[in-house]
Amino acid sequence: MSVLEIKNLHVNVETDQGTREILRGVDLVINEGEIHAVMGPNGSGKSTLAYTIAGHPKYQVVQGEILLDGENVLEMSVDARARAGLFLAMQYPVEIPGVTITNFLRTAKTAIDGEAPAIRGWVKDVRESMSALKMDSAFAERNVNEGFSGGEKKRNEILQLELLKPRFAVLDETDSGLDVDALKIVSEGVNRAKANTGLGILLITHYTRILRYITPDFVHVFVAGRIAEQGGPELADRLEDEGYDRYLEPAAK
């Protein structure tokens, strides 16, 4: 069984005011097939954790480890992390002018698997995934995210998740900017990917509404760069009722 381990992770970032410590000793273990929801107020370090796992050069790891089945992820390049089975669905997916979704997906799949997928089966898989996500087939020939609405961009992220079949996916506020219908479609795509591959999921969100459709096994409350509390799905329900105020005063001291 695959496992993603984060041990005593400390991360800094350079700002106009100098070096700032964002993550202050994060410990987290995600096993294959588990869904971990990370919740917390703005500025608590949730997205920093996501981008550090993915290998964004802006974030400097000063202490700690990230291990994927015992392999040191921090020594891997960004593309090596993807080939090893890590996937990041971004909060703000970028546009890639001049690159169609079809070409992007097949190139990514080839890079990850080490060989190009068979055309007939690949085209069938793409069409079926797009249909399940209620994406018009014409999108396949459009440039990646160019002129897409927020909801269309998020569906495209989940399309990649379904087709690239990673071992672990980090979903950074995938629910942001989605109306109720789009949220349900995207959530169904995440659940479908998990059911088909057994991947582990780190789901970062501010709100509990996505957790009505994607049921977490564990919920972690992130405050001031640390995990302040963790529990089961009932913890998310309590956060919905009480908010984060009970964590913020102790964190400020």
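- Residues Leu49 and Ile6 form a side-chain contact, since some pair of their non-hydrogen atoms from C-beta on lies under 4.5 Å apart.
- Using a 4.0 Å cut-off between a side-chain N of Lys or Arg and a carboxylate O of Asp or Glu, Lys184 and Glu188 do not qualify as a salt bridge.
- Judged by the 6.0 Å and 45° rule, Arg209 forms no cation-pi pair with Tyr207.
- Two residues are said to be in side-chain contact when any heavy atoms from C-beta on lie closer than 4.5 Å; Ile96 and Phe104 meet this criterion.
- Residues Glu32 and Lys194 are not paired through a salt bridge, judged by the lack of any N-O separation under 4.0 Å between the basic side chain and the carboxylate.
- Ring geometry, His56 versus Tyr59: the interplanar angle exceeds 60°, so the pair is classed perpendicular (tilted spans 30 to 60°).
- Between Leu88 and Ala54 the shortest heavy-atom distance is CD2-CB, 3.8 Å.
- The structure places CG of Asp172 at 5.0 Å from CD of Gln91, a figure rounded to the nearest 0.5 Å.
- For the pair Lys7/Leu67, a side-chain contact is recorded, criterion being any heavy-atom separation below 4.5 Å from C-beta on.
- Looking at Ser129, its side chain never comes within 3.5 Å of a backbone N or O of Val126 through a donor-acceptor pair.
- The cluster map of Ile, Leu, Val, Met, Phe, Trp and Tyr, joined by side-chain heavy atoms under 4.5 Å apart, puts Val61 and Leu202 in the same cluster.
- Between Ile30 and Phe168, the closest heavy-atom pair is O-CE2, 3.3 Å.
- Salt bridge Arg238/Glu229: present, at least one basic N to carboxylate O contact under 4.0 Å.
- Applying the ring-ring contact (aromatic ring centres under 6.0 Å, His included) rule to His220 yields the partners His36; only residues at least two apart in sequence or on another chain are considered.
- Side-chain atoms of Arg127 and Val123, non-hydrogen and from C-beta on, do get closer than 4.5 Å to each other.
- Using a 4.5 Å heavy-atom cutoff, the side chains of Ile210 and Leu203 are in contact.
- Scanning all heavy atoms of the two residues, the minimum distance from Arg24 to Arg226 falls at O-NE, 3.3 Å.
- Using a 4.5 Å heavy-atom cutoff, the side chains of Ile66 and Leu68 are not in contact.
- Using a 4.5 Å cut-off on side-chain heavy atoms (C-beta onward), Asp237 and Leu211 make no contact.
- Under the 4.5 Å side-chain criterion, counting only non-hydrogen atoms from C-beta, Leu163 is not in contact with Lys109.
- With respect to Glu162 and Arg192, a salt bridge is recorded, a charged nitrogen being found less than 4.0 Å from a carboxylate O.
- Salt bridge annotation for Arg167-Asp69: present, with a cationic side-chain nitrogen under 4.0 angstrom from a carboxylate oxygen.
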Salt bridge (Lys or Arg N to Asp or Glu O under 4.0 Å) between Glu128 and Lys124, worked out: CA-CA 6 Å; Glu128 288 179 352; Lys124 178 176 177 288; 2.9 Å; yes
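- Considering CD1 of Ile227 and CD of Gln230, their distance stands at 5.5 Å, rounded to 0.5 Å.
- The side-chain hydrogen bond (donor to acceptor under 3.5 Å, both in side chains) search around Thr19 returns Glu14, not counting sequence neighbours.
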His10/Asn8 under side chain to side chain donor-acceptor pair (under 3.5 Å): CA gap, chis, key distance, verdict: CA-CA 6 Å; His10 293 252; Asn8 193 32; 3.1 Å; yes
